[in-house]
Amino acid sequence: MSMDFVTIHVISKNVDLIKDVGMIPYTMDKKYGYKSTLVTFCNEENYSNMDNCSEHLSLEFIHKGFPLGKVLLYLIKKGKKIDVLNMYHPSLSNTLIALFFYKMINRAGVSYLKLDLDYNGIQLLESYRGLDHLVRRSLLKKIDIISAESREIADRFSEKYNVDVEYIPNGCYMDCDITSNTGKHNFLSIGRLGTKQKNTGLLIDAFLSICDQTDWDLILAGPATVGFSDRLNDIYAEKPEMKARIRYLGEIIDRKKLMEVYSGASVFVLPSRWESFGIVAVEALCAGDYLILSDKIPPANDFINDRKCGMIFESENCNDLACKMLETTNIYIDHEAISRFGGSKFSWGSICQKLDDLIKDKR
């Protein structure tokens with residue numbers, strides 16, 4: 001008899017269905033025989049990514065309201081039938097209380113907390129003292145499985161709260177075949193361009209500082225802020241030749257087309273000021289792109305594979321980023337080896353195998 005695997009993540013949107021929030025329960029159903037459900041508020045009209053997930057994932061909406069109250073009401077109604085409850089972030093006022101409540105009403109159930117922490121988050125948690133720390137640690141010890149997306153965060157959280165933390169990275173969602181990497185002389189960055197987090201301006205500044213020393217171009221894709229669009233227009237007005245060197249593709253919804261964009265670049269750059277994981281970096285790896293990553297990305301060392309697959313630059317250091325970009329134009333990049341590494345280390349199937357083993361150990 002299959003076990004019920006329920007993920008409660010009340011802020012889920014359509015895009016989360018192809019991230020860890022959706023792909024873990026999807027894979028647990030498809031490959032390991034669980035019956036999976038994602039429970040959320042209805043946060044947007046269209047959850048079109050369910051078209052590819054519905055065979056192995058159910059989407060259940062609960063009425064909006066005070067998150068903890070709505071989650072506890074849901075657990076009162078259905079908690080005894082949930083074999084595995086998965087929640088995100090070590091929030092004392094929401095997640096930790098909900099997972100504790102679940103174990104009170106279903107002692108045989110397995111509680112699973114996915115930390116999903118960036119450096120800012122772990123630093124905040126490390127700063128807690130006194131009653132907050134004691135209460136948080138007490139609740140964490142009641143949780144059956146805790147995981148982090150990077151080895152560093154797992155070690156730091158474990159040391160701070162004296163609990164076992166498993167290293168379980170995120171994976172890459174592939175609903176289409178990856179075309180062979182063309183090795184074209186392009187830098188690529190994909191994300192919410194122009195936001196403070198993604199720090200796209202630093203990447204543009206670095207590229208402008210080296211563009212006269214290389215024939216490589218910069219390709220940008222994703223939704224853009226008004227400020228980012230204005231910046232590009234100012235650059236094009238001042239230097240019309242940059243229209244051919246800095247190419248903005250807009251937001252790409254079609255996954256097949258998106259993977260073709262990844263495969264049409266040699267180097268993927270992620271200059272973020274903070275990330276908990278950076279799934280776009282894994283997608284780039286699977287497409288064979290060499291990585292240049294900000295040191296504010298916790299699993300960066302896990303991604304670059306001893307510099308065989310990438311390198312790390314000092315966040316906010318434009319000169320360091322520019323030098324590393326220029327360096328990649330003069331090294332041999334084994335796109336096939338990078339793609340093999342990404343596909344083997346960050347496939348959802350192998351990632352969820354570890355989670356399935358952990359769950360069975362707790363049953």
Side-chain angles (χ1 to χ4, degrees), residues 15 18-20 23 149-150 169-193 197-200 202-203 206-207 216-223 247-272 274-313 315 321 324-325 327-329 331-348 351:
V15 69
I18 56 173
K19 294 183 178 181
D20 49 350
M23 293 313 300
E149 294 74 20
S150 72
N170 286 332
C172 180
Y173 170 63
M174 292 297 173
D175 60 343
C176 57
D177 294 331
I178 300 176
T179 56
S180 297
N181 192 290
T182 61
K184 288 183 179 178
H185 290 177
N186 292 321
F187 298 107
L188 171 68
S189 193
I190 295 175
R192 299 184 304 279
L193 305 174
Q197 178 190 3
K198 299 304 179 182
N199 205 13
T200 319
L202 184 77
L203 172 57
F207 178 75
W216 285 46
D217 296 330
L218 174 61
I219 297 175
L220 302 166
R247 304 198 298 274
Y248 173 50
L249 305 182
E251 184 175 8
I252 301 173
I253 303 298
D254 183 84
R255 293 289 299 175
K256 183 177 181 180
K257 183 176 180 181
L258 183 62
M259 295 315 299
E260 289 174 352
V261 171
Y262 279 116
S263 298
S266 281
V267 174
F268 184 86
V269 187
L270 189 59
S272 302
W274 69 87
E275 294 279 354
S276 60
F277 187 74
I279 289 177
V280 288
V282 172
E283 292 178 337
L285 273 180
C286 290
D289 293 346
Y290 192 83
L291 303 179
I292 300 178
L293 305 173
S294 157
D295 62 6
K296 296 302 184 182
I297 300 168
N301 283 308
D302 302 325
F303 293 159
I304 66 172
N305 190 25
D306 196 26
R307 280 186 62 119
K308 296 182 184 72
C309 299
M311 59 181 71
I312 299 169
F313 77 94
S315 176
L321 174 56
K324 287 185 166 62
M325 291 171 70
E327 182 181 345
T328 61
T329 67
I331 63 174
Y332 171 70
I333 298 175
D334 190 338
H335 297 290
E336 290 186 7
I338 292 172
S339 182
R340 286 195 301 271
F341 170 75
S344 63
K345 186 175 178 65
F346 298 104
S347 72
W348 278 119
I351 289 167

>> side chain to side chain contact (heavy atoms under 4.5 Å, CB included), that's the test. Do F187 and T329 meet it? Break it down for me.
In response: CA-CA 10 Å; F187 298 107; T329 67; 3.7 Å; yes
From CA spacing to verdict: side chain to side chain contact (heavy atoms under 4.5 Å, CB included), I18, R255
CA-CA 10 Å; I18 56 173; R255 293 289 299 175; 3.8 Å; yes
Residue set satisfying side chain to side chain contact (heavy atoms under 4.5 Å, CB included) with L202, at least two apart, ordered chain then number -> N199, F313, C318, L321
By side chain to side chain contact (heavy atoms under 4.5 Å, CB included), I252 pairs with (sequence neighbours left out) A221, L249, K257, L258, V261
With sequence neighbours left out, the residues meeting side chain to side chain donor-acceptor pair (under 3.5 Å) with R192 are Q197
Nearest 0.5 angstrom please: [X] [atom1] to [Y] [atom2], how far?
X: L193; Y: E251; atom1: CG; atom2: CD; value: 9.5 Å
X: F268; Y: F303; atom1: CZ; atom2: CZ; value: 10.5 Å
X: N170; Y: E283; atom1: CG; atom2: CD; value: 11.0 Å
X: I304; Y: I338; atom1: CD1; atom2: CD1; value: 11.5 Å
X: E275; Y: S150; atom1: CD; atom2: OG; value: 12.5 Å
X: F277; Y: I297; atom1: CZ; atom2: CD1; value: 10.5 Å

For [X] versus [Y], what's the shortest heavy-atom pair and its separation?
X: G343; Y: S347; answer: O-CB, 3.2 Å
X: L270; Y: A281; answer: CD2-CB, 4.4 Å
X: P223; Y: Y248; answer: C-OH, 4.0 Å
X: A300; Y: I312; answer: CB-CD1, 3.7 Å
X: D289; Y: Y262; answer: OD1-O, 2.8 Å
X: S266; Y: W216; answer: CB-CH2, 3.6 Å

**Q.** Pairwise side-chain contact, P169 with I351, heavy-atom cut-off 4.5 Å (strictly under)
**A.** yes
Quick one: are K308 and D334 in side-chain contact, heavy atoms under 4.5 Å? no
With sequence neighbours left out, the residues meeting ring-ring contact (aromatic ring centres under 6.0 Å, His included) with Y290 are none
Sorted by chain and residue number, the salt bridge (Lys or Arg N to Asp or Glu O under 4.0 Å) partners of E327 (sequence neighbours excluded) come out as R307
Exercise. Start with the C-alpha gap between I292 and M325, add the side-chain angles, then the distance that decides, and say whether side chain to side chain contact (heavy atoms under 4.5 Å, CB included) holds.
Key: CA-CA 7 Å; I292 300 178; M325 291 171 70; 3.8 Å; yes
For residues 294-305, the side-chain hydrogen bond (donor to acceptor under 3.5 Å, both in side chains) pairs (sequence neighbours left out) are none
